[in-house]
Amino acid sequence: MPEDDFRQQFAKLIRELLEEQRGEGESVKELLTAHLGPDAGDLPVLTEELDGWELPNLQLALEAAFRERGRSARIVGLAGGAVHYHGLSLGDLISGAGWTPALAAPQYVNAPVGPGRSLACLAFALVLVTSPDGPLVLFVKREHTPMGQAQLAVEAVAQAEDHAGRFLAELRRLMEEHDVYRGQVLTVKTDPHGGARIVFVERPRMDAGELVLPSGVLDAVERHVVAPTRHRAALQRAGRHLSRGLLLWGPPGTGKTHTVRYLTSLMDDATVVILSGGSLGMVGAFAGLAKRLAPSLVVLEDVDLVAQERTYGPWGSSPVLFELMNEMDGLGDDADVSFVLTTNRPDALEPALAARPGRVDLAVELPLPDDEGRRRLLELYARGLDLQLDDPAEIVARTAGVTAAFVKELLRKAALAAAEAGRATVTQADVSTALDELLAETSALTRTLLGTPGPGGGAVPDPHAWLGGLIEPE
């Protein structure tokens with residue numbers, strides 16, 4: 001093909017692609033100018049920046065706002081990959097300067113609003129609002145940073161002075177009124193790229209009989225965490241603060257996670273936020289959410305991962321712990337929020353916990369179960385089994401120094417042995433054989449994974465040596 005013909009064909013293709021992108025009918029600028037008036041380009045644009053996880057709350061707020069008498073809304077999408085064009089603003093669309101996308105169908109995203117439930121939420125579109133206060137345009141933008149974090153913003157422009165500001169303030173109020181996170185159990189999942197998402201968890205159902213702790217411990221925990229919510233009005237009348245902190249400490253497998261599950265079950269109207277691993281660094285954002293949705297319970301699992309000595313952190317500090325202390329400081333006396341911190345290594349806790357008294361106001365030790373505790377654990381984990389022990393005391397004696405997790409695994413192995421022998425009944429011999437295997441020298445790593453040092457595993461450190469005046473153990 002001659003060079004001139006190639007150029008003509010290439011130019012024709014470019015024109016066709018531009019026409020296709022431009023689409024038929026009015027342009028974005030024409031649409032906005034027709035709605036806002038000829039002076040649309042001179043109107044100020046107001047931006048409301050939101051956390052990415054507020055998307056379902058924004059959707060419910062928009063729906064509620066548009067149900068108001070006299071209001072109507074037309075939703076218009078943008079084509080041409082506009083959602084990937086970072087920095088595109090409502091001002092750009094009104095002015096028509098530079099590249100402008102064509103009109104298209106609006107884009108929605110399914111966002112979780114509860115365990116197993118989701119809601120189609122407007123994620124990238126223009127909303128043309130007609131109301132008694134005059135015309136208004138919203139630009140809803142949900143974008144992702146290069147690191148994968150979701151960002152959400154609503155830009156607003158209106159013909160009447162202060163209309164955009166008042167409408168955005170109304171959206172904020174409606175978002176809090178219809179908040180999908182209130183009264184839910186939430187955890188946060190992070191990815192290697194720094195992204196995070198909120199996950200709704202079914203609230204556990206658990207009674208006190210499923211928790212084997214030393215006498216009086218559960219009563220003390222309930223009194224500290226649950227009672228202030230039950231008696232909120234009386235405490236406020238007396239000028240007492242509602243925010244509180246609880247530290248659950250002890251070896252792995254002694255019931256810290258079970259205790260948290262029990263509290264979550266008991267406080268069935270409370271919002272529960274569970275942070276662990278990589279999500280511990282998000283304590284600031286979620287402490288604010290907990291305050292907004294009080295009564296709330298904020299759980300930080302294995303807090304020793306971030307609450308280390310100052311010299312271990314960058315620039316001689318632990319930023320996450322510092323933020324945690326600040327959040328607990330800034331809650332205010334009327335905030336019905338309880339922080340529950342769990343740790344297997346109390347000796348690694350940052351001395352700032354002691355230096356700033358009142359943030360954690362009760363420390364409860366969950367020790368290795370004693371003889372009575374192990375007997376109760378055998379009964380607990382025997383539920384559903386046909387367990388027939390000739391000498392339960394022998395099993396109790398041989399399991400000295402083990403954790404609840406060890407007892408649970410012991411009965412699982414015994415039940416498996418009975419099943420392989422073709423029996424429904426689990427006998428003393430089954431349990432003894434399983435115990436022999438778990439206590440054998442070759443099972444040292446298994447015992448460690450179950451939180452039990454076992455023979456030759458070394459003595460358990462003095463559990464009270466680390467306290468150093470932080471707080472008296474319960």
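Just the heavy atoms: all of them, side chains too, but no hydrogens, waters or symmetry mates, feed the values below.
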Which residue pairs pass the salt bridge (Lys or Arg N to Asp or Glu O under 4.0 Å) test with at least one member in residues 224-239, sequence neighbours excluded?
Arg232-Asp336
Parallel, tilted or perpendicular: ring planes of Phe167 versus Phe66, cut at 30 and 60 degrees
parallel
Does a donor on one side chain sit under 3.5 Å from an acceptor on the other, for Gln59 and Tyr108?
no
Answer yes or no: is there a donor N or O on one side and an acceptor on the other, between the side chain of Glu48 and the main chain of Leu168, under 3.5 Å?
no
Heavy-atom count around Arg376 CZ within 6.0 Å, excluding the residue itself: above 12?
yes
Within the side chain of His241, is there an N or O that forms a donor-acceptor pair under 3.5 Å with the backbone of Leu235?
no
Counterpart residues, side chain to side chain contact (heavy atoms under 4.5 Å, CB included), relative to Ser118 (two or more places apart):
Asn110
Tell me whether Thr342 contacts the main-chain N or O of Asp302 through its side chain, where contact means a donor paired with an acceptor under 3.5 Å.
yes
What distance separates Glu301 CD from Thr343 OG1, expressed to the nearest 0.5 Å?
11.5 Å
Between the main-chain N or O of Val225 and the side-chain N or O of Arg244, is there a donor-acceptor pair closer than 3.5 Å?
yes
Provide the full list of ring-ring contact (aromatic ring centres under 6.0 Å, His included) pairs with a residue in residues 197-223, sequence neighbours left out, each pair given once.
Tyr181-Phe200
Calculate, to the nearest 0.5 Å, the distance between atoms NE2 and CG belonging to His258 and Leu211 respectively.
7.0 Å
Side chain of Thr271, backbone of Leu293: donor and acceptor closer than 3.5 Å?
yes
